[in-house]
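Take a look at the structure set out below.
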Protein chains: 2
Amino acid sequence: MREPLPSDMFDELCPSSLNPIRFGDKWAALVIRCLEHGPRRFSELRVPLRRVSPKVLTASLRSLERDGLVRRTVYAGPSPRVEYELTPLGRSILEPMAAACAWAEEHWAELLEAREAHDGAGRLDPTGS
Amino acid sequence: MREPLPSDMFDELCPSSLNPIRFGDKWAALVIRCLEHGPRRFSELRVPLRRVSPKVLTASLRSLERDGLVRRTVYAGPSPRVEYELTPLGRSILEPMAAACAWAEEHWAELLEAREAHDGAGRLDPTGS
DNA sequence: CTGAATCCAATGTGATACTG
DNA sequence: CAGTATCACATTGGATTCAG
């Protein structure tokens, strides 16, 4: 429990910018993955997602909270402390998400090839005349 | 084969505007569903998707073509005729898409409840004091 | 018939600085 | 610590009009 988060989500995992299957806003999928193994504090999330500005990260979390996928808990104390965690509903989306990521990983190369072929077309004569 | 398309995609199917799982651009999922049962002409697609302007529909199709999910075929003739159909790669995405739609249908009500609860909060005192 | 061109609105994303 | 405020920018979505 409380497994360490990856140091930078942008190094690994399914390249969500390529994946045509997307979850909520641009960062929602990554946020959900960060919460997969238990509750996290805002500042903990900011480490692997350091290239997301606090405003955008907040917006993503709020959106997930609004949809009931994430619960936000404020702990009173000398310094503010807030924890985010997946609700049961949020956990239930992990499965289709994993399926989508599996598809993306499996067909990642095909997507890239198709793009290159498509983008390159029209600039050279495919008949080779 | 050549089953009729639904008359209006906006009446039925998974409400993709609510579903946090999205495929490509706003209409990609609906377009893919229209192509599920065989090739379709542009004007055929425009019927169930009549609330999508031709420009946007074209853009969506082009994007799918670029990713190798859809093949576009032009048939020469007295009047232009163009057909779109799913490639094998395009077909392969039907499965994770179905999983995502199943999730959405299953949890559709929970999402709505969560939104209402969230949007309504703050306007009345939950402690009932 | 199949889109391309143009223009515009809405939304999403982001950097920076500041606050309880 | 955990955000909010503000401004700016990019992308997307759309209506309308026009062309091959």
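Each chain gets a letter, A, B and so on, in the order its sequence line appears, and its residues count up from 1.
Arg62(B) places its CZ atom 17 Å from the C1' atom of dG13(D), with the value rounded to the nearest Å. Computed from coordinates, the Lys26(A) NZ to dT12(D) P distance equals 10 Å when rounded to whole Å. Taking atom CG on Leu49(B) and atom P on dG13(D), their separation rounds to 14 Å, with Å as the unit. The separation between Leu57(A) atom CG and dG3(D) atom P is 9 Å, rounded to whole Å.
Residue Glu36(B) qualifies as enclosed at atom CD: its count of foreign heavy atoms under 6.0 Å is above 12.
The cationic atom of Arg40(B) (NZ for Lys, CZ for Arg) does not lie both less than 6.0 Å from the six-membered ring centre of Tyr84(B) and within 45° of the ring axis.
Take the nearest nucleotide of DNA chain D for Lys55(A) and for Pro54(B): the residue whose nucleotide is more 5' is Lys55(A). Between Asp25(A) and Pro80(A), the residue whose closest nucleotide on DNA chain C is further toward the 5' end is Asp25(A).
Heavy-atom contacts of chain B under 4.0 Å fall on DNA chain C between two terminal nucleotides, which in 5' to 3' order are dC1(C) to dC7(C).
Closest non-hydrogen pair, Ser92(B) versus Trp103(A), comes out as OG-NE1, 3.0 Å. Closest non-hydrogen pair, Leu86(B) versus Ile32(B), comes out as CD1-O, 4.1 Å.
Separation of atoms CZ (Arg66(B)) and CG (Leu61(B)) is listed at 15.0 Å; rounding is to 0.5 Å.
Within the 4.0 angstrom heavy-atom criterion, only backbone atoms of the sugar-phosphate kind lie near Ser43(B); the bases stay farther away. If you check every strand for non-hydrogen atoms under 4.0 Å, Arg46(B) touches nothing. As judged by a 4.0 angstrom heavy-atom cut-off over every strand, Val82(B) is placed among residues touching the sugar-phosphate backbone only. If you check every strand for non-hydrogen atoms under 4.0 Å, Thr58(B) touches sugar and phosphate atoms only. Counting any heavy atom pair closer than 4.0 Å across all strands shown, Tyr75(B) reaches no nucleic acid atom.
Of the listed residues (Arg71(A), Arg91(A), Arg41(A)), just one forms a salt bridge (Lys or Arg N to Asp or Glu O under 4.0 Å) with Glu85(A), and that residue is Arg71(A).
Arg72(A) has a side-chain polar atom (N or O) that falls below the 4.0 Å cut-off from OP1 or OP2 of dG3(D).
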*Go through Glu44(A) and Arg46(A) one step at a time and tell me if the salt bridge (Lys or Arg N to Asp or Glu O under 4.0 Å) criterion holds.*
CA-CA 5 Å; Glu44(A) 284 182 285; Arg46(A) 294 212 55 191; over 6 Å; no

